[in-house]
Structures are given as C-alpha cells and as structure tokens.
Amino acid sequence: MQTIADRRVQFGEFAGPLAHGASFFDWQLISTQEVAAAFDYSFAEILADGGIPYAPVVVATSVERYPHLGETISVETVPRRVGDSSVELVYEINDDDENRLATARMTHVTIGPDGAALALPEDVRAAFADACVDRDPSVGPASEPNAEDETGALASFSSSFEIHSPHIEGAELAYFEEYPRFADVALEHHLEERGTSLDELRGENEPYRIRDWRWEFKAPVQFETTLRVDCDVLEASDETIRIAHELSSDGRTNIEGITEYGCFDRSGAPVAFDEAMLEPFRT
C-alpha cells in the first residue's frame, strides 16, 4: 500500500542540507495512520475511546541514503505479521527514481485507557492477516559491536528534558518524532562539553546522522514529566558511532535500544567519519 506518494521533502523536515533523522520517524507515523484508516481501525476512533493508537513496541530502521533539499519521497507500507493485539508493519521509503532510501519494521500495539493492550477487533485482525506479505528485511544495527574496534575507553553522557506541550500529541504523551530529537540534542550537548560543536566538525559532510536503530518502547512518556536520556558509546570507528540509549522518567525505563550514527555527504550518501569527529566519543 502506498501510504505517502510523491511527497516533496519540506523545509521544516531538514537539518542543514539533508532531511532530519526524526523525519523518518514522522513518515512512519504518517504511514501508520494511513494503514489504520485503510483497515477501518483509525487513530481518531481509538483516541475518541480514550486509547493510545498503534503504540510502537519495537522500531528498527536502516537508512541507505538521506534525501536532500528538493527531493521527493514515497513510502510503501505493508503488514508482515498480526497477532491478537499487535501488528508488524514494513515501511519502504524510496526516492523519485524508486531507489531505496530506508527500510523500517515496526510492531504496534493499541493501548486501552487502563494501560492494557487492546485486542484487535476480529474483522480488523482478519483483514490484516489476509493482507500480510512474506517479507523479512534485515534492518537495524548489527547485533554486536564491531569485534575489531580497539579504540579503548569510550564516553558516556546524558541530558534531561522537560516534556511540555510542544512535545506532545493527541494522547497527551510525548510525540513519536521527539525521541530521536532528544537523543540528538544529548549528543550535541556532549560535543559542547568536550569543547567542540557540530558546526566546527561538519565541514563538507554531515556527521552524527541516525542511520541504523532498534528501539524498544517499554512505557509511554507522560506530559509534564522529566525525560532523561542516557547514552553509552559502544563503538567509535570510521564507519559508525554505536550508542546504547536509555530514555527514562519517574525512575522507570521508557525506551531503550541501540542506535548507530553515520556520516553522510551533501548528496545524502554515506561516507567515513574523520578522526576529529570520533575523538569526542573516546575518553
């Protein structure tokens, strides 16, 4: 199912010359809403009943290339697996020449007002089951860090954010797109603490772009809470900066996972980090 067709990437979706990493999350969320409406179990219907529609449980994505200013993207979304209360969707993001930009897999569960997962209506579950495709893309970071990485001790850092109204959506929870933004800001704070900045390091390339990630969602981030983002660097090599992320509030983990950041040129193609870009992540 084509959930986004020939969308010209807008100015607000960019960070510098390339789309912001959070835009991939946003395109996935837009696509999920299109799928939900097509299968007659819409976000609006669930929200009206006090539920949290299609809450992400596991999100895994790999970016092949970042779109640049003036490009057009399309998204194809299909169900891969359906359970009593969950559905897994595969998202394929392409440029206007049908070249793959990114692939994602996301498992969703709808949450009721009492916090428990809601069973999918039988007709909705059956429709998803009939539409499931045999597709098993390998996406997200490698299961283990590069065994050849011998860079020595690596950095850890953290930042905290107050969840206010600009960060929330209709369910009074932190908006899906905000989580990678918080992680990016934590990284930029770390650069400042190490006496440098993204602007000083970028040169002709765009470093620290989210590239491969797998995040597991444990609990929603509530309005007017303080969200802490803890970052432990697991690898800093010329190909990747691999970070274990934990996002927590009120003493419990909301999100945890592994994120790999890459470096990209102004066309959006991946390139190697230089040593100056890697140094802030080594102690």
### Task
Return yes if some donor-acceptor pair links the side-chain N/O of Thr110 with the main-chain N/O of Leu118 below 3.5 Å, else return no.
no
### Query
Among side-chain atoms of Trp215 and Thr259, is any donor-acceptor pair under 3.5 angstrom?
yes
### Query
Which heavy-atom pair separates Gly21 from Ile210 by the least distance, and what is that distance?
CA-CG2, 3.5 Å
### Task
Report the residue from Glu71, Glu13, Glu34 that forms a salt bridge (Lys or Arg N to Asp or Glu O under 4.0 Å) with Arg7.
Glu13
### Query
Side-chain contact, heavy-atom cut-off 4.5 Å: Leu201 with Phe273?
no
### Query
Is any side-chain heavy atom of Leu278 closer than 4.5 Å to a side-chain heavy atom of Glu275?
yes
### Message
In the structure I gave you, are the side-chain heavy atoms of Glu178 and Phe25 within less than 4.5 Å of one another anywhere?
### Response
no
### Query
Going through the distances and angles, do Thr32 and Thr77 end up as a side chain to side chain contact (heavy atoms under 4.5 Å, CB included)?
CA-CA 8 Å; Thr32 305; Thr77 309; over 6 Å; no
### Message
Using modelled atom types and a 3.5 Å cut-off, is there a donor and acceptor pairing between side-chain atoms of Arg209 and backbone atoms of Ala19?
### Response
yes
### Query
Do side-chain atoms of Arg194 reach the backbone of Pro280 as a donor and acceptor pair under 3.5 angstrom?
yes
Can you give the donor-acceptor pairs under 3.5 Å from side chains of residues 45-54 to other protein atoms, not counting sequence neighbours?
residue, atom, partner, partner atom, Å
Tyr54, OH, Tyr41, O, 2.9

### Query
Looking at residues at least two apart in the chain, or sitting in another chain, which of them share a ring pair (Phe, Tyr, Trp, His ring centres under 6.0 Å) with His190?
Phe157, Phe281
### Summary
With Arg202 as partner, the option from Glu206, Glu200, Glu204 fulfilling salt bridge (Lys or Arg N to Asp or Glu O under 4.0 Å) is Glu206
### Query
Can Phe264 be reached from Phe14 by stepping across I, L, V, M, F, W or Y side chains whose heavy atoms are under 4.5 Å apart?
yes
### Query
What is the distance from atom NE2 of His189 to atom OG of Ser197, rounded to the nearest 0.5 Å?
12.5 Å
### Query
With a cut-off of 6.0 Å (strictly less than), are more than 12 heavy atoms of other residues, nucleotides or ligands near CZ of Arg214?
no
### Query
Which pairs with one or both residues in residues 97-122 pass salt bridge (Lys or Arg N to Asp or Glu O under 4.0 Å), sequence neighbours excluded?
Glu88-Arg105, Glu92-Arg100, Arg105-Asp136, Glu122-Arg125
### Query
Which pair of heavy atoms, one from Met1 and one from Ala38, lies closest together, and at what distance?
CE-CB, 3.6 Å
### Query
Is it true that Trp213 and Tyr179 have ring centroids separated by less than 6.0 Å?
no
#### Entry: Distance-only donor-acceptor check, side chains Ser267 and Asp265, under 3.5 Å
yes
### Task
Kindly compute the distance separating OG (Ser23) from CD (Gln28), expressed to the nearest 0.5 Å.
11.0 Å
### Task
Would you kindly confirm whether Val271 and Leu198 end up in one hydrophobic cluster when ILVMFWY residues are joined by side chain heavy atoms under 4.5 Å apart?
no
### Summary
Sorted by chain and number, sequence neighbours left out, side-chain hydrogen bond (donor to acceptor under 3.5 Å, both in side chains) with Thr253 holds for Glu246
### Query
Roughly how far, to the nearest 0.5 Å, is CG of Asn94 from CG of Asp6?
11.0 Å
### pair Thr61-Val139: side-chain heavy atoms closer than 4.5 Å
no
### Query
Does a side chain donor of either Ser249 or Asn254 reach within less than 3.5 Å of an acceptor in the other side chain?
yes
### Query
After noting the C-alpha distance and the side-chain angles of Trp27 and Val9, does the key distance pass the side chain to side chain contact (heavy atoms under 4.5 Å, CB included) rule?
CA-CA 10 Å; Trp27 298 332; Val9 185; 4.1 Å; yes
### Neighbour count >12 (heavy atoms, 6.0 Å) for atom CG, Asp84
no
### Query
Is there a donor-acceptor contact under 3.5 Å from the side chain of Arg282 to the main chain of Ala236?
yes
### Message
Within the 4.5 Å heavy-atom criterion, are Pro67 and Leu101 side-chain neighbours or not?
### Response
yes
### Query
Hey, mind stepping through Glu239 and Arg211 against salt bridge (charged side-chain N to carboxylate O under 4.0 Å, His left out) and telling me if it holds?
CA-CA 11 Å; Glu239 296 298 326; Arg211 188 194 63 204; 5.4 Å; no
### Task
Search all heavy atoms of Ile111 against all heavy atoms of Ala55 and return the closest pair with its distance.
CG1-CB, 4.0 Å
## Note on the structure
CG (Leu154) and CG (Leu234) are apart, to the nearest 0.5 Å, by 7.5 Å
### Message
Assess the residue pair Phe24 and Tyr66 against the criterion (ring pair (Phe, Tyr, Trp, His ring centres under 6.0 Å)); give the C-alpha distance rounded to whole Å, side-chain angles, the decisive distance to 0.1 Å, and a yes or no.
### Response
CA-CA 10 Å; Phe24 289 98; Tyr66 267 76; 5.2 Å; yes
### Task
State the CG-CZ distance between Leu69 and Arg8, to the nearest 0.5 angstrom.
9.0 Å
### Audit row: Glu76, Arg135, salt bridge (charged side-chain N to carboxylate O under 4.0 Å, His left out) steps and yes/no
CA-CA 13 Å; Glu76 295 283 340; Arg135 200 168 299 177; over 6 Å; no
### Summary
Sorted by chain and residue number, the side-chain contact (heavy atoms from CB on, under 4.5 Å) partners of Ser156 (sequence neighbours excluded) come out as Asp232
### Task
Find out whether Ile4 and Ser74 are in side-chain contact, i.e. whether some heavy atom of one side chain is under 4.5 Å from a heavy atom of the other.
no
### Task
Under the side chain to side chain contact (heavy atoms under 4.5 Å, CB included) rule, what do Val57 and Phe217 come out as? Steps first, then yes or no, please.
CA-CA 5 Å; Val57 178; Phe217 290 71; 5.6 Å; no
### Message
Can a donor-acceptor pair be found, under 3.5 Å and without considering hydrogens, that links the side chain of Ser62 to the backbone of Gly140?
### Response
yes
### Message
To check you understand the geometry: which heavy-atom pair defines the closest contact between Gly83 and Leu120, and what is its length?
### Response
O-CD1, 3.7 Å
### Query
So which heavy atom on Arg266 is nearest to which on Gly203, and how close?
NH2-O, 3.1 Å
### Task
With side chain to side chain contact (heavy atoms under 4.5 Å, CB included) as the test, would you mind laying out the steps for Leu191 and Thr196 before giving the verdict?
CA-CA 5 Å; Leu191 295 178; Thr196 187; 4.1 Å; yes
### Task
State yes or no: do Val58 and Val78 share one hydrophobic cluster built from I, L, V, M, F, W and Y residues joined by side-chain heavy-atom distances below 4.5 Å, directly or via other members?
no
### Task
Would you mind reporting whether Pro17 and His68 have side-chain heavy atoms less than 4.5 Å apart?
no
### Message
List the residues meeting side-chain hydrogen bond (donor to acceptor under 3.5 Å, both in side chains) with Asp26, not counting sequence neighbours, and say none if there are none.
### Response
Tyr175
### Query
If you group Ile, Leu, Val, Met, Phe, Trp and Tyr by side-chain heavy-atom gaps below 4.5 Å, do Leu29 and Val59 land in one group?
yes
### Side-chain touch Ile255/His245, heavy atoms, less than 4.5 angstrom
no
### Query
Which pair of heavy atoms, one from Arg242 and one from Pro141, lies closest together, and at what distance?
NH1-CB, 3.8 Å
### Approximate separation, where rounding is to 0.5 Å, of Thr226 OG1 and Ile163 CD1
8.0 Å
